[in-house]
J.: 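Got a structure for you, written out below as structure tokens; questions coming shortly.
Numbering of ligands and ligand atoms starts at 1, following listing order.
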Amino acid sequence: MFPGIIEHVAFSEEEISRRVQELGAEISADFRGRRGPLAVISMLKGSFIFLADLIRATDVDISVDFMSITSYRESSPDSSGVRIVKDLSEGIRDRDVLVVEDIIDTGLTLSYILRNLRERSPRDLRVCTLLDRSESRIAPLHIDYRGFEVGEEFLVGYGLDYLQKWRNLRFICTLSESSMG
Ligand code: IMP
Ligand code: MG
């Protein structure tokens, strides 16, 4: 599949699947017996494939909502550089909320989102990310559920993109120099 494009596979389909099952079990155990369905919020677009697998690995009542933001950090390195382009369709006041991310890098995006969501008075607000590049963190964050710790390499696949491509790969990998050019 895609010869010459993939540099190396960081996480295989099987590894991802196993870890997602574990995360789903952990989340289910933590939220079982809570009042009302867990509001699972997916940060578009990168987390939609992880979300689809993660929620099917849970066995508690959930609802799903989506939020989309743009980051224009390049042009404004000192500001939060984040703007909501698609907001939630339902309120989260007094609800248990789980924000699902594909990868947390600097943490600037998510810290903005969390600040914004906290103002809506959820009962509980937790974070689940498939990948955590904690060495690049600028904004300190508490992560409740983490799939894998990753290094500096830019990763694609399983929802993660490079210029909107490669989200459809079943595994997570690095791209060869030529395909990033
Ligand atoms: P942060 O605000 O720096 O934490 O930005 C995190 C966001 O940047 C993620 O949700 C991704 O959309 C994107 N991102 C960061 N690293 C990667 C990567 O290695 N591959 C694909 N997208 C990435
Ligand atoms: Mg993202």
J.: Between H142 and D144, does the side chain to side chain contact (heavy atoms under 4.5 Å, CB included) criterion hold? Intermediate values first, please.
T.: CA-CA 6 Å; H142 176 74; D144 301 279; 3.2 Å; yes
J.: Show the atoms of ligand 1 that are less than 4.0 angstrom away from any heavy atom in E101.
T.: 10 (O)
J.: Contact between L117 and L88 at the side-chain level, heavy atoms closer than 4.5 Å - yes or no?
T.: yes
J.: Assess D161 for proximity to ligand 1: is some non-hydrogen atom of it under 4.0 Å away?
T.: yes
J.: Verify the distance criterion only: is there a donor paired with an acceptor across the side chains of S134 and R146 at less than 3.5 Å?
T.: no
J.: Among D124, L125, V60, I62, find the residue that satisfies the side chain to side chain contact (heavy atoms under 4.5 Å, CB included) test when tested with D96.
T.: D124
J.: Given T129, T109, I104, which one has a non-hydrogen atom that is nearest to atom 5 (O) of ligand 1?
T.: T109
J.: Is there a heavy atom in R137 that sits closer than 4.0 Å to ligand 1?
T.: no
J.: Have a look at F50 and tell me which of T129, L160, D102, L23 forms a side chain to side chain contact (heavy atoms under 4.5 Å, CB included) with it.
T.: L23
J.: Which of the numbered atoms in ligand 1 are below 4.0 angstrom from a heavy atom of G107?
T.: 1 (P), 2 (O), 3 (O), 4 (O)
J.: So, is V156 polar-close to ligand 1, with some N/O to N/O distance under 3.5 Å?
T.: no
J.: Return a yes/no value for I103: is any of its N or O atoms, backbone included, closer than 3.5 angstrom to an N or O of ligand 1?
T.: yes
J.: If you draw a 6.0 Å radius around CD in Q164, do more than 12 non-hydrogen atoms from other residues or ligands fall strictly inside?
T.: yes
J.: Please work out which of V150, D102, I138, L44 has its closest non-hydrogen atom nearest to atom 12 (O) of ligand 1.
T.: D102
J.: Under a 4.0 Å heavy-atom limit, does M43 contact ligand 1 with its side chain, its backbone, both, or neither?
T.: neither
J.: Look only at interatomic distance and state if L155 has a nitrogen or oxygen under 3.5 Å from any nitrogen or oxygen of ligand 1.
T.: yes
J.: Among the clusters formed by ILVMFWY side chains lying less than 4.5 Å apart, do L163 and I5 turn up in the same one?
T.: yes
J.: Using a heavy-atom cut-off of under 4.0 Å, does the side chain or the backbone of D105 touch ligand 1, or both, or neither?
T.: both
J.: Hey, can you tell me if F31 and Y145 have their rings parallel, tilted or perpendicular (30° and 60° cut-offs)?
T.: tilted
